[in-house]
Amino acid sequence: MNTRVRRFALPSVITVGVLVAGGCAEPVDGQADETPVPEITFHPCDGFSSEALAAVRLDARPPDRMPDRNNPQNFGCGFQSQDSYSGIVISAIGETPDSVKSDDRFNVLSETEIGGRAALVSDFRGGSACTVSVAIEPGILEFMIGYSELEDFTTVDAACDQATKVATTLAPYFPDHL
């Protein structure tokens, strides 16, 4: 596999780890919060057909499967583009769009709709990646493309444009439920 994708995937693995870092909420009386946790069953590595990957020009070879995470549940997968050395990480995450909006690690650039579903376009950590988070019950399907002077995409606008194009092209293949 191309080392450039590995270089891209490593920050994404770190990002996935950062996104899921959290703990149980405990009320003041010390009892654990009984809020039901949404269960994600869709995995992007397995959930998109070769037809879907071809439509967006992602390499159909086995993708880079990220470690599965919990709290919140997160299944991530790195794909390489057929057109360049750039890659994209697609993750099914047990979070809501509102949790992305309220997370200070994300600078929400715009709210839009993709495939009839609410979506957020965000700059992650103010200068490392663009994320497009599409609301699909019970969580979000996130599309992440990194950007820097060393990457194929050097600006947040370029990375967000590409992440939005990928999400829009894959919209007809979205699952009904994560």
Side-chain angles (χ1 to χ4, degrees), residues 4-5 7-22 38 40 42 44 47-48 52-53 55-58 63-64 66 69 71-175 178:
R4 188 147 184 202
V5 171
R7 212 168 15 100
F8 175 76
L10 181 58
S12 300
V13 171
I14 292 168
T15 299
V16 169
V18 169
L19 286 174
V20 300
I40 303 294
F42 176 81
F48 290 112
L53 296 176
V56 76
R57 301 205 35 81
L58 292 177
D64 186 11
M66 309 294 176
R69 307 284 185 185
N71 201 18
Q73 195 172 18
N74 184 324
F75 299 133
C77 196
F79 294 92
Q80 183 176 348
S81 170
Q82 292 177 3
D83 296 328
S84 68
Y85 290 102
S86 66
I88 186 166
V89 175
I90 304 174
S91 302
I93 305 171
E95 290 280 353
T96 65
D98 285 341
S99 64
V100 173
K101 285 182 187 178
S102 65
D103 190 327
D104 63 358
R105 296 172 297 171
F106 293 90
N107 176 23
V108 176
L109 303 173
S110 66
E111 295 184 37
T112 188
E113 200 171 275
I114 295 176
R117 300 168 190 267
L120 300 174
V121 179
S122 306
D123 189 10
F124 181 73
R125 291 204 171 257
S128 62
C130 176
T131 61
V132 174
S133 305
V134 181
I136 301 176
E137 287 296 325
I140 57 173
L141 191 59
E142 181 182 82
F143 299 82
M144 178 184 287
I145 293 182
Y147 67 93
S148 77
E149 292 178 7
L150 303 174
E151 299 287 341
D152 287 348
F153 300 104
T154 58
T155 66
V156 67
D157 291 337
C160 288
D161 183 56
Q162 185 62 25
T164 302
K165 285 178 185 175
V166 171
T168 301
T169 303
L170 283 177
Y173 305 97
F174 285 171
L178 293 179

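Only heavy atoms go into these numbers, but all of them, side chains included; no hydrogens, no water, no symmetry mates.
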Nearest atoms (heavy-atom pairs only) where D123 meets A129: OD1-O, 3.4 Å
List the atom of A158, the atom of T155, and the distance in Å for their closest heavy-atom pair. N-OG1, 3.1 Å
So, taking the atom named OG in S148 and the one named CZ in F153, what distance separates them when rounded to the nearest 0.5 Å? 12.0 Å
To the nearest 0.5 Å, what is the distance between CD1 on I88 and CD on E142? 10.0 Å
Can you tell which of L109, V100, D103 makes a side chain to side chain contact (heavy atoms under 4.5 Å, CB included) with S122? V100
Using every non-hydrogen atom in the two residues, find where P72 and I93 come nearest and quote the distance to one decimal. CG-CG2, 4.2 Å
How many angstroms lie between atom CZ of F42 and atom CD1 of I90, to the nearest 0.5 angstrom? 8.0 Å
So disulfide (SG to SG under 2.5 Å) across residues 109-158, not counting sequence neighbours, yields C130-C160
Of all heavy-atom pairs linking I114 and A171, the shortest is CG2-CB, 4.0 Å
I need the I140 CD1 to T131 OG1 distance, nearest 0.5 Å. 7.5 Å
Checking the side chain of E151 only, and the main-chain atoms of G146 only, is there a donor and an acceptor separated by less than 3.5 Å? no
Closest contact, heavy atoms only, G78 versus P63: O-CB, 3.2 Å
Are any non-hydrogen side-chain atoms of Y173 and V56 less than 4.5 angstrom apart? no
Evaluate the side-chain contact (heavy atoms from CB on, under 4.5 Å) criterion for residues L178 and F75: first the C-alpha distance (whole Å), next the side-chain angles of each, then the deciding distance (0.1 Å), finally the verdict. CA-CA 10 Å; L178 293 179; F75 299 133; over 6 Å; no
Find the distance between OG (S86) and OH (Y147) and round it off to the nearest 0.5 Å. 15.5 Å
To the nearest 0.5 angstrom, please state how far the CG atom of L141 sits from the CZ atom of F48. 5.0 Å
For residues 106-117, which residue pairs qualify under salt bridge (Lys or Arg N to Asp or Glu O under 4.0 Å), counting only residues two or more places apart or in two chains? K101-E111
